[in-house]
Colleague: 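Pasting a structure here, questions to come.
Just so it is clear: chains get the letters A, B, ... in the order the sequence lines come, proteins before strands, and each one is counted from 1.
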Amino acid sequence: MAEVALMKGNEVVAEAAIRYGCDGYFGYPITPQSEIMETLMIRKPWEETGMVVLQAESELASINMVYGGASSGKRVMTSSSSPGISLMQEGLTYMAAAELPCLVVNVMRGGPGLGTIGPSQGDYFQAVKGGGHGDYNLIVLAPASVQEMNDFVGLGFDLAFKYRTPVMMLVDGIVGQMMEKVTLGEFKPRWTKEQIEQNAPWALTGKKTGAPAKYITSCFLDLSQLERVNEHLQAKYKVMKEQEVRFVNNDCDDADIVIVAYGSVARICRKVAQLAREEGIKVGVLRPITLFPFPTVELQRLAAMGKKFISVELSAGQMVEDVRLAVGNDVKFYGRTGGIVPTPEEILEQIKKMV
Amino acid sequence: MEVNEMIKPENLVVGRTSVLKECPMHYCPGCTHGVVHKLIAEVVEEMGIQDSTIGVCPVGCSVFMYNYMDVDMAEAAHGRAPAVATAISRLNPDKYVFTYQGDGDMASIGCAEIMHACNRGENIVVIFINNAIYGMTGGQMAPTTLLGQITATTPYGREPKLHGYPLQITELIAQLPGTCYVTRQSADTPAAIRKTKAAIKKAFMNTRRGVGTSYVEVVGTCASGWKLSPENANEWMRQNMFEKYPVGDLKDI
Ligand SMILES: Cc1ncc(C[n+]2csc(CCOP(=O)(O)OP(=O)(O)O)c2C)c(N)n1
C-alpha cells in the first residue's frame with residue numbers, strides 16, 4: 001500500500017530523494033528551503049541507504065560537489081533559494097557544458113539582491129534562459145503542489161540522466177513551505193557500480209584495462225570543436241522541446257480568456273477561473289509544468305482558436321515574454337513582486353478589463 | 001662495448017611510466033608542471049592504482065592534465081577542485097582522489113574550497129604547484145608572488161600597500177586539524193625531484209589510512225612568466241622563493 005503523509009513541500013523533497021535512491025545531497029542553508037537539508041540530517045539516510053549528506057561551506061562549493069558527484073555517475077542534488085542559486089550559476093554552466101546530470105531545487109524568494117524571504121517567481125529568466133554564461137538551457141520543472149514536489153524529484157533525476165543535463169525544480173516559497181497530503185514513492189535502491197557503468201558509461205569509475213581513461217571537461221579550446229559541442233547541446237534542446245513539454249490545460253478549450261500561470265499562482269488562478277465563470281466569463285488556466293521546454297505549441301493551438309491571453313506571475317513580467325513569443329504581442333500581464341501574493345479578486349479585476 | 005650493444009631493455013635504468021600518455025605536453029621549457037605530472041604518474045603506477053585513481057584538474061596551465069595522465073579525471077571550475085574532489089571521494093570511498101592546482105587556482109579564487117576541504121579532513125591528496133605567478137593568463141600577480149616581484153599586474157614590483165603580502169597558505173593549511181600530512185618540496189634538482197616523488201607517494205599511501213587530507217606543495221618555476229631562461233628561473237627560485245617558502249615537512253601524522 002502506498003504510504004500517505006502530511007508534509008511540507010521542502011520536507012518531501014528530502015524524503016523523495018532518499019526513496020528514489022539519490023546518492024548525495026550537498027547544500028548550504030538559506031530560507032525558505034533549509035528544511036530540505038535539515039530533514040535529511042534528521043533522517044540520516046547514510047545509515048539507511050548510504051546516501052551522503054554534506055553541509056558545504058557555500059553554494060559555490062555545493063554545486064561543485066554536485067559536479068564531482070555527477071562526474072562519477074552518481075545521482076546527486078543540491079537545493080537553495082535565489083541568492084544561493086545565483087552563486088551556483090558558475091557550476092551550472094560548467095555542468096551543462098560537460099553534460100553532467102543533477103537535480104537543483106530552487107525555492108525562490110523575493111529579489112533582487114538579498115530581497116526578502118517571501119515567495120517569488122523572480123528567478124524565471126535565470127532558470128529558463130540558461131542563467132550562467134554561454135548558450136545552454138536547463139530543464140526546468142515547476143511544481144504546484146507538495147505531491148508534485150515529491151514526484152518531480154524522481155522525474156528530475158530521470159530527465160537529468162536521459163539528457164545528461166542539469167535539471168532545476170523551480171518552486172515558489174509557497175509550495176515549498178505549505179503542508180499537504182502526499183503519496184510517497186516506493187523505496188528504490190541506489191544504483192550499484194554495475195548499474196552506474198551501464199546507465200552512465202561516460203562516468204569516471206576508474207580506468208579499465210585496455211580502455212582509454214575517461215575525462216569530464218567543459219574546456220574546448222579548438223574553435224570548431226567548441227562549435228560542434230554547441231551544436232550537440234542545441235540538438236539535445238530541440239529533442240527536449242519536441243518530447244518533454246509538460247503542462248496542464250484546465251478548461252482552456254471552451255474559454256475565451258486563458259490565464260497562463262505556474263506554481264502556486266496557477267492554483268490561485270483556478271479560483272479566479274471559477275469566480276469568473278460564476279459571473280459568466282469563460283476563463284481557463286494553462287499551467288506550464290516544464291518552463292523549459294515551454295508549452296509553446298499548446299499556446300499556439302489555443303491562440304489559433306482566437307483566445308485572449310494573460311500571464312499572471314509573482315514577478316515583474318518574465319514568463320509573459322515566452323507567452324508573447326508563442327502567440328504574439330497581444331498578451332496581458334499581471335504580477336506582484338516583493339514577496340506579495342495576489343488575491344483571486346484582484347486578478348479577477350484584471351480579467352474583467354479584458355472582456 | 002659498442003653503444004648499440006648497450007641499448008637493450010635489460011640495460012634500461014630509466015623508463016617512461018605507462019600512466020603518462022604517449023603525447024607531447026604543451027608546457028614551456030623549464031616548467032615544473034610536466035615534472036610533477038610524471039611523478040604522480042610514476043607513483044600511481046608503482047602503487048598499482050591506475051584503475052582506482054580519479055584526479056581533478058584545475059584552471060590554469062595544467063587545465064589539460066587529463067590529456068597527459070592515463071587515469072580518469074574531471075576538469076573543475078577555477079579554484080573548485082577541492083569541492084569536486086570532496087564529492088568524488090565521499091561517494092567513491094574506494095578510490096584514490098587527488099586534486100592538482102596552481103597558486104592562483106588554489107590560494108586565490110579557490111581559497112575557501114581548499115580551506116574547508118582540508119578542515120573537513122577529506123580523504124584526498126592535494127598537489128599544489130606554487131610558481132608565484134598566474135602562468136596561463138600571461139604572468140599576472142598571484143597570492144604567492146613575492147614582495148618586489150615584477151609581474152604583468154605589478155609592473156613596478158609587488159608592494160604590500162598596493163597588493164598585499166605573499167600568502168603562505170601551506171602554513172595556514174598545516175594548522176587545520178583535518179590535515180594529516182602537509183609538506184613543501186621543490187623540483188629544481190634530481191635530488192629534490194626524488195624527495196618530491198617520495199612525498200607524493202606518502203600522500204597517496206595516506207589515502208589508504210583515511211586519516212585526513214594529505215597536501216604536497218611543490219615550489220616551481222614559470223620561466224615564461226618570470227621572463228627568464230629555464231636555467232636562470234631555477235636559480236631565481238633558489239635565491240628568492242625558498243626563503244619565503246622553505247622546503248620541508250610542516251606536518252606528518
Ligand atoms: C572564474 C575565472 N576567472 C578567471 C579565469 C582566468 N584564469 C585562467 S587560469 C588563471 C590563473 C592560473 O594561475 P595558477 O593557478 O597560478 O596556475 P598556473 O597557470 O600558473 O599553472 C586565471 C586567472 C578563469 N578561467 N575563470
Side-chain angles (χ1 to χ4, degrees), chain A residues 22-26 46 50-76 78 88-95 97-98 100 102 132 190 193 196 202-221, chain B residues 18-21 26 41 44 49-60 63-97 99 109-120 122 124 136:
Chain A
C22 175
D23 294 298
Y25 171 95
F26 306 89
W46 50 92
M51 176 183 175
V52 169
V53 186
L54 181 62
Q55 177 167 340
E57 64 270 30
S58 68
E59 290 86 352
L60 263 178
S62 314
I63 193 70
N64 282 286
M65 289 172 183
V66 166
Y67 181 104
S71 296
S72 62
K74 303 283 179 174
R75 287 196 277 196
V76 284
T78 183
M88 289 186 191
Q89 294 306 321
E90 175 193 64
L92 286 171
T93 165
Y94 275 67
M95 291 189 81
L100 291 175
C102 72
R190 291 168 53 220
K193 278 183 187 168
I196 288 176
W202 44 265
L204 309 180
T205 51
K207 182 187 150 72
K208 304 279 169 299
T209 327
K214 284 172 276 184
Y215 59 84
I216 298 289
T217 189
S218 67
C219 187
F220 308 98
L221 281 193
Chain B
S18 63
V19 179
L20 273 189
K21 293 183 195 165
H26 71 277
V44 167
I49 55 170
Q50 190 177 12
D51 58 350
S52 50
T53 299
I54 300 181
V56 185
C57 323
V59 172
V63 63
F64 291 127
M65 189 176 185
Y66 53 78
N67 284 339
Y68 311 132
M69 297 286 296
D70 200 13
V71 296
D72 280 6
M73 294 197 84
E75 207 293 299
H78 199 17
R80 318 289 174 232
V84 173
T86 291
I88 297 179
S89 162
R90 291 224 180 191
L91 291 160
N92 303 275
D94 57 331
K95 294 288 189 293
Y96 295 80
V97 182
T99 67
I109 196 168
C111 202
E113 285 77 12
I114 189 65
M115 283 292 164
H116 286 278
C118 288
N119 195 46
R120 287 189 301 263
E122 298 298 342
I124 60 173
M136 190 190 209

Colleague: Would T217(A) and Y66(B) count as having a side-chain donor-acceptor pair, cut-off 3.5 Å?
Modeller: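 Present: a donor and an acceptor within the cut-off.
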Colleague: Which bit of I63(A) comes within less than 4.5 Å of chain B, counting heavy atoms only: side chain, backbone, both or neither?
Modeller: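 For I63(A), neither part sits under 4.5 Å from chain B.
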Colleague: Side chain, backbone, both or neither: which part of V63(B) has a non-hydrogen atom closer than 4.5 Å to chain A?
Modeller: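 The side chain, not the backbone.
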Colleague: Just to verify, which of D51(B), D70(B), D72(B) counts as forming a salt bridge (Lys or Arg N to Asp or Glu O under 4.0 Å) with K207(A)?
Modeller: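 Testing each of D51(B), D70(B), D72(B) against K207(A), the sole residue satisfying salt bridge (Lys or Arg N to Asp or Glu O under 4.0 Å) is D70(B).
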Colleague: Is the shortest side-chain heavy-atom distance between V71(B) and M73(B) below 4.5 Å?
Modeller: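 Contact flag for V71(B)/M73(B) side chains = yes.
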Colleague: Under 6.0 Å from the NZ atom of K193(A), do we count more than 12 heavy atoms belonging to anything else shown?
Modeller: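 No, NZ of K193(A) has 12 or fewer neighbouring heavy atoms, counting only those of other groups under 6.0 Å.
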Colleague: Step through it carefully: locate the ring centre of H26(B), locate the ring centre of Y68(B), and say whether they are under 6.0 Å apart.
Modeller: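 Yes, ring centres under 6.0 Å apart.
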Colleague: Quick one: which of A83(B), C57(B), A76(B), P82(B) has the most heavy-atom pairs under 4.5 Å with chain A, could you say?
Modeller: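 Heavy-atom pair counts peak at A83(B).
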Colleague: I'd like to verify something: which residue of G68(A), A56(A), C219(A), P212(A) has the highest number of heavy-atom pairs under 4.5 Å with chain B?
Modeller: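 Counting heavy-atom pairs under 4.5 Å, the top option is G68(A).
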Colleague: With sequence neighbours excluded, what pairs up with A70(A) under the side chain to side chain contact (heavy atoms under 4.5 Å, CB included) test?
Modeller: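 A70(A) satisfies side chain to side chain contact (heavy atoms under 4.5 Å, CB included) with V76(A), M95(A), L100(A), P101(A) once adjacent residues are dropped.
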Colleague: Quick one: what part of I54(B) sits under 4.5 Å from any heavy atom of chain A, side chain, backbone, both or neither?
Modeller: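 Contact with chain A is through the side chain of I54(B) alone.
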Colleague: Which one, G50(A), S218(A), S72(A), G24(A), leads in non-hydrogen pairs under 4.5 Å with chain B?
Modeller: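 Among the listed options, the one with the most contacts to chain B is S72(A).
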Colleague: Considering only heavy atoms, which portion of N119(B) lies under 4.5 Å from any heavy atom of chain A: side chain, backbone, both, or neither?
Modeller: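 Interface part for N119(B): neither.
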Colleague: What part of Y96(B) lies closer than 4.5 angstrom to a heavy atom of chain A: side chain, backbone, both or neither?
Modeller: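 Y96(B) has no heavy atom closer than 4.5 Å to chain A.
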Colleague: Using non-hydrogen atoms only, which part of K208(A) is less than 4.5 Å away from chain B: side chain, backbone, both, or neither?
Modeller: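 K208(A) has no heavy atom closer than 4.5 Å to chain B.
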Colleague: Given a strict heavy-atom distance threshold of 4.5 Å, which part of S71(A) is in contact with chain B: side chain, backbone, both, or neither?
Modeller: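 Side chain of S71(A) only, per the 4.5 Å heavy-atom cut-off to chain B.
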Colleague: Hey, could you give me each pair passing side-chain hydrogen bond (donor to acceptor under 3.5 Å, both in side chains) that has a residue in residues 50-70 of chain A? Not counting sequence neighbours.
Modeller: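 Sorted result for residues 50-70 of chain A: E57(A)-R120(B).
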